[in-house]
Amino acid sequence: MTVVDACAGMDETLSAHNKLLLEHMLLGGDSATWQQAREIVISPLPLITLGMAVNHVTPIALRLEVPDPFTIYRALRFTLRRRG
């Protein structure tokens, strides 16, 4: 199971489209993809979006940029740890 498969949306699953967006970000997404992906709910309880998770693992000075693949990965792992 990949880190993307372990994430869950509001109904405990991620749509195929949202999975593709997350996978694209893990490969080095662009600004347009980031604008879409940042709103994806990756944990229903506690409620965490990708953008919220990235903010938790990124210094304030770097939050205006498109996150690199490693930051996306760290954000997804942070969320999975929070879910327990």
Side-chain angles (χ1 to χ4, degrees):
M1 176 185 297
T2 67
V3 68
V4 172
D5 292 331
C7 294
M10 289 302 291
D11 60 356
E12 291 297 323
T13 60
L14 288 175
S15 69
H17 177 72
N18 286 348
K19 282 184 181 183
L20 283 174
L21 285 173
L22 291 176
E23 290 169 358
H24 190 276
M25 290 303 300
L26 283 168
L27 295 173
D30 56 17
S31 180
T33 304
W34 171 237
Q35 292 306 316
Q36 292 177 38
R38 68 186 301 163
E39 302 300 325
I40 296 173
V41 173
I42 54 176
S43 173
L45 289 174
L47 180 67
I48 302 174
T49 64
L50 181 60
M52 293 165 66
V54 166
N55 285 343
H56 279 340
V57 301
T58 307
I60 292 173
L62 299 176
R63 290 186 187 169
L64 297 177
E65 301 174 13
V66 175
D68 61 90
F70 184 64
T71 300
I72 297 295
Y73 179 78
R74 288 183 315 142
L76 294 174
R77 293 294 302 167
F78 163 82
T79 300
L80 295 177
R81 283 191 305 274
R82 290 285 306 265
R83 289 186 68 202

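Residue numbers start at 1 and run along the sequence shown.
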Not counting sequence neighbours, which residues clear salt bridge (Lys or Arg N to Asp or Glu O under 4.0 Å) with Arg77? List them please.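 Not a single residue meets the salt bridge (Lys or Arg N to Asp or Glu O under 4.0 Å) criterion with Arg77.
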
[X] versus [Y], closest heavy-atom pair with distance:
{"X": "Met52", "Y": "Leu47", "value": "CE-O, 3.4 Å"}
{"X": "Gly29", "Y": "Val66", "value": "O-CG1, 3.5 Å"}
{"X": "Thr33", "Y": "Met25", "value": "CG2-SD, 3.7 Å"}
{"X": "Arg83", "Y": "Ile42", "value": "CD-O, 4.4 Å"}
{"X": "Gly51", "Y": "Trp34", "value": "CA-CH2, 3.9 Å"}
{"X": "Pro44", "Y": "Ala8", "value": "CD-O, 3.4 Å"}

Run the numbers on Leu21 and Leu50 for side-chain contact (heavy atoms from CB on, under 4.5 Å), then give the verdict. CA-CA 11 Å; Leu21 285 173; Leu50 181 60; over 6 Å; no

Starting at [atom1] of [X], measure out to [atom2] of [Y] and round the result to the nearest 0.5 Å.
{"X": "Ile40", "Y": "Lys19", "atom1": "CD1", "atom2": "NZ", "answer": "11.5 Å"}
{"X": "His24", "Y": "Leu27", "atom1": "NE2", "atom2": "CG", "answer": "7.5 Å"}
{"X": "Ile48", "Y": "Leu80", "atom1": "CD1", "atom2": "CG", "answer": "9.0 Å"}
{"X": "Asp5", "Y": "Glu23", "atom1": "CG", "atom2": "CD", "answer": "7.0 Å"}
{"X": "Ser31", "Y": "Gln36", "atom1": "OG", "atom2": "CD", "answer": "10.5 Å"}

Out of Val54, Thr79, Val57, which one pairs with Arg74 under the side chain to side chain contact (heavy atoms under 4.5 Å, CB included) rule? Val57

Do Val41 and Ile72 sit in one hydrophobic cluster, given that two such residues count as connected whenever their side-chain heavy atoms are within less than 4.5 Å of each other, even indirectly?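 In one cluster: no.
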
Around atom CD1 of Ile60, are there more than 12 heavy atoms from other residues, nucleotides or ligands closer than 6.0 Å?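 12 or below, so no.
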
What residues, two or more places apart in sequence or in another chain, satisfy side chain to side chain contact (heavy atoms under 4.5 Å, CB included) together with Asp68? Phe70, Thr71

Please assess Leu76 against Leu26 for the test side-chain contact (heavy atoms from CB on, under 4.5 Å), listing each intermediate value before the final yes or no. CA-CA 10 Å; Leu76 294 174; Leu26 283 168; 4.1 Å; yes

